[in-house]
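Notes follow once the structure below has been shown.
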Number of protein chains: 2
Amino acid sequence: MGVVMSNHPTPDELREALAADNPSAKTKRDLIEAALYHFGHEGYAGTSTRSIAQTAKTNIASIAYHFDGKAGLKRACVNFIAMALGDVLSVIMEKKLADIEHLSPEDARDKIMEMIDRMITFTQTNQRAELVIGFMLKEVLHSPEEIETLYHLIFEPLMDRVTVLFSRATGQPVSSDELKLAIFAMIGQLLYIRLARPLVLKRMNWQSVGPEELEQIKSVLHRSINALLDDLSKGQKDA
Amino acid sequence: MGVVMSNHPTPDELREALAADNPSAKTKRDLIEAALYHFGHEGYAGTSTRSIAQTAKTNIASIAYHFDGKAGLKRACVNFIAMALGDVLSVIMEKKLADIEHLSPEDARDKIMEMIDRMITFTQTNQRAELVIGFMLKEVLHSPEEIETLYHLIFEPLMDRVTVLFSRATGQPVSSDELKLAIFAMIGQLLYIRLARPLVLKRMNWQSVGPEELEQIKSVLHRSINALLDDLSKGQKDA
DNA sequence: ATAATTCAATCAATCGATTGATTTAATGTG
DNA sequence: CACATTAAATCAATCGATTGATTGAATTAT
């Protein structure tokens with residue numbers, strides 16, 4: 001009987017489990033990586049456990065042994081994404097919440113722009129970003145349970161920080177619905193321009209998104225989001 | 001042997017074929033509608049032909065008979081979407097290209113805002129919009145051939161019109177890369193706020209998106225896009 | 001009556017899961 | 001250290017269930 005990975009490991013538990021130097025941890029890493037690749041490209045239902053095992057260079061039975069089946073492997077992928085995304089975002093938003101609560105509007109805006117820069121770079125250039133986005137779009141967004149996982153582990157903490165930054169930069173209260181929705185609008189710009197890459201390449205007559213194209217994207221989104229911040233700041237400076 | 005529907009009917013051919021009052025056309029309509037429902041919710045691979053047939057209240061064999069198999073039904077769905085989306089967009093952007101090429105900046109901006117309004121209403125309230133978005137996200141975006149279909153039938157004509165409007169409203173040339181990317185940013189805001197609805201509801205503490213919430217969304221996106229247009233207009237008025 | 005359409009039944013192929021044997025790693029003992 | 005014992009992990013083979021497709025007969029529309 002295999003020792004199946006806990007269904008809901010914290011990101012830290014997961015990190016520890018996968019970092020170990022034993023055959024079990026390596027196989028788990030290989031399986032998650034392979035599963036993420038196939039799930040991201042062909043979707044969960046469109047991926048066979050055989051192809052996952054083949055990519056991971058192990059036997060089909062390993063999936064049941066280590067993850068209690070295909071569904072368990074999918075859960076592990078969600079947790080892995082939560083972990084990996086948490087790492088990326090902790091780099092992107094290194095400061096503690098307390099540290100950003102008293103920034104000047106100018107400093108807050110600088111921080112926002114720095115954050116956007118890093119997010120664009122990550123989504124547009126990171127290899128795994130494509131898989132993660134594909135996987136989340138195809139599978140996670142329609143699965144209430146997994147949305148719950150990612151919402152609390154990743155999305156809400158991120159949004160809380162960004163909201164504080166937006167609040168400092170615009171003078172609007174953190175509780176403002178307008179502010180919250182504006183942040184969705186901002187994230188939408190970032191993600192869509194990555195997600196719709198096939199359309200972007202066609203429309204822009206680009207062969208790929210290299211350093212030059214990356215700068216063009218950053219430039220436009222900078223302007224767009226700065227304009228948004230300017231507008232949100234209107235009539236709020238005295239608050 | 002069944003008379004299989006042409007693989008690449010134009011939207012008009014498709015409309016005519018589906019509008020007919022014979023048993024064949026009705027079964028085709030039912031099958032496409034059922035397939036769109038299942039493909040949009042569970043994905044192509046995750047949908048069995050049996051469940052499609054059951055929803056459409058017909059026999060499995062009808063799929064092969066009318067569409068030459070599951071893959072053919074998927075193609076028909078893409079074409080159907082192209083048709084339906086073309087209808088919606090023709091209402092949203094009724095004017096001919098020539099009619100908008102000489103609008104004043106103010107009139108152009110009004111037209112843009114009117115268009116955005118209608119797009120938000122459609123994406124946020126139309127029943128089928130959810131299916132279409134789900135289907136395109138899960139299946140079409142990773143299928144080069146079907147991207148080709150939708151790009152030329154829907155996306156490019158739409159973008160061309162919007163680009164002209166943006167050009168008139170901002171003074172920037174229609175060939176401007178900045179303008180084209182800004183339009184992607186605008187569409188990204190629209191789509192993401194619909195696509196990420198589960199996250200939006202959680203974050204905003206909304207139970208659903210009713211008339212009140214719709215107005216809030218419109219208000220924020222109006223401000224955001226107006227700010228973007230203002231910024232793009234800077235230093236271009238004299239051009 | 002002739003063609004068009006639908007149907008139940010069945011096909012081979014593939015799916016995820018499981019089995020029991022086998023191999024590899026870890027641990028204990030002298 | 002060498003060797004034995006146990007536990008952990010992997011393997012080929014196989015399971016029943018489900019998949020998309022097909023068939024030829026039955027039904028319906030023209």
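Chain letters run A, B, ... following the sequence lines, proteins first, then strands; residues in each count from 1.
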For this session: Measure from NZ or CZ of B/Lys70 to the centre of the six-membered ring of B/Tyr44, then state whether that distance is under 6.0 Å and the direction lies within 45° of the axis.
Result: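 Yes - B/Lys70 lies over the ring of B/Tyr44, closer than 6.0 Å to its centre and within 45° of its axis.
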Does [X] have a side-chain nitrogen or oxygen under 4.0 Å from the phosphate oxygens OP1 or OP2 of [N]?
| X | N | value |
| --- | --- | --- |
| B/His66 | C/dA4 | no |
| B/Thr58 | C/dC7 | yes |
| A/Thr27 | D/dA9 | no |
| B/Ser24 | C/dA4 | no |
| A/Thr49 | C/dG16 | yes |

Exercise. Roughly how far, to the nearest 0.5 Å, is CD1 of B/Ile183 from OG1 of B/Thr163?
Worked result: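 Rounded to the nearest 0.5 Å, the OG1-CD1 separation comes to 3.5 Å.
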Problem set entry | Spacing of NZ belonging to B/Lys28 relative to CG belonging to B/Leu73, to within rounding of 0.5 Å |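 If I round to the nearest 0.5 Å, the distance is 11.5 Å.
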Is any side-chain heavy atom of [X] closer than 4.5 Å to a side-chain heavy atom of [Y]?
| X | Y | result |
| --- | --- | --- |
| A/Glu213 | A/Met204 | no |
| B/Met136 | B/Leu150 | yes |
| A/Glu33 | A/Tyr37 | no |

In this structure, how many angstroms lie between the [atom2] atom of [N] and the [atom1] atom of [X], rounded?
| X | N | atom1 | atom2 | answer |
| --- | --- | --- | --- | --- |
| A/Lys74 | C/dA17 | NZ | C1' | 18 Å |
| A/Lys28 | D/dA9 | NZ | C1' | 11 Å |
| A/Ile63 | D/dT10 | CD1 | C1' | 13 Å |
| B/Lys26 | C/dA4 | NZ | P | 21 Å |
| B/Gln54 | D/dT18 | CD | C1' | 15 Å |
| A/Leu31 | D/dT10 | CG | C1' | 11 Å |
| A/Leu73 | C/dG16 | CG | P | 11 Å |
| B/Lys57 | C/dT5 | NZ | C1' | 19 Å |

Problem set entry | Interface residues of residues 35-48 of chain B with DNA chain D (non-hydrogen, below 4.0 angstrom) |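 Within this stretch, B/Thr47, B/Ser48 sit under 4.0 Å of the strand.
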Exercise. Could one point to a donor on the side chain of A/Asn59 or the base of D/dA9 with an acceptor on the other under 3.5 Å away?
Worked result: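 When only heavy-atom distances are counted, A/Asn59 does not reach the base of D/dA9 through any donor-acceptor pair under 3.5 Å.
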For this session: Could you please name the option among D/dT22, C/dT19, C/dA17 that lies closest to any side-chain atom of A/Ile60?
Result: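 Selected nucleotide (nearest to the side chain): C/dA17.
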Problem set entry | Nearest to side-chain heavy atoms of B/Tyr65, which nucleotide of C/dC7, D/dA12, C/dT5 |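 Selected nucleotide (nearest to the side chain): C/dT5.
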Exercise. Between A/Arg50 and A/Ser62, which has a closest nucleotide on DNA chain D that is more 5'?
Worked result: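 First, find each residue's nearest nucleotide; the 5'-ward one identifies A/Ser62.
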Exercise. Hey, do the aromatic rings of B/Phe184 and B/Phe166 have their centres closer than 6.0 Å?
Worked result: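 When the ring centroids of B/Phe184 and B/Phe166 are compared, they turn out to be at least 6.0 Å apart.
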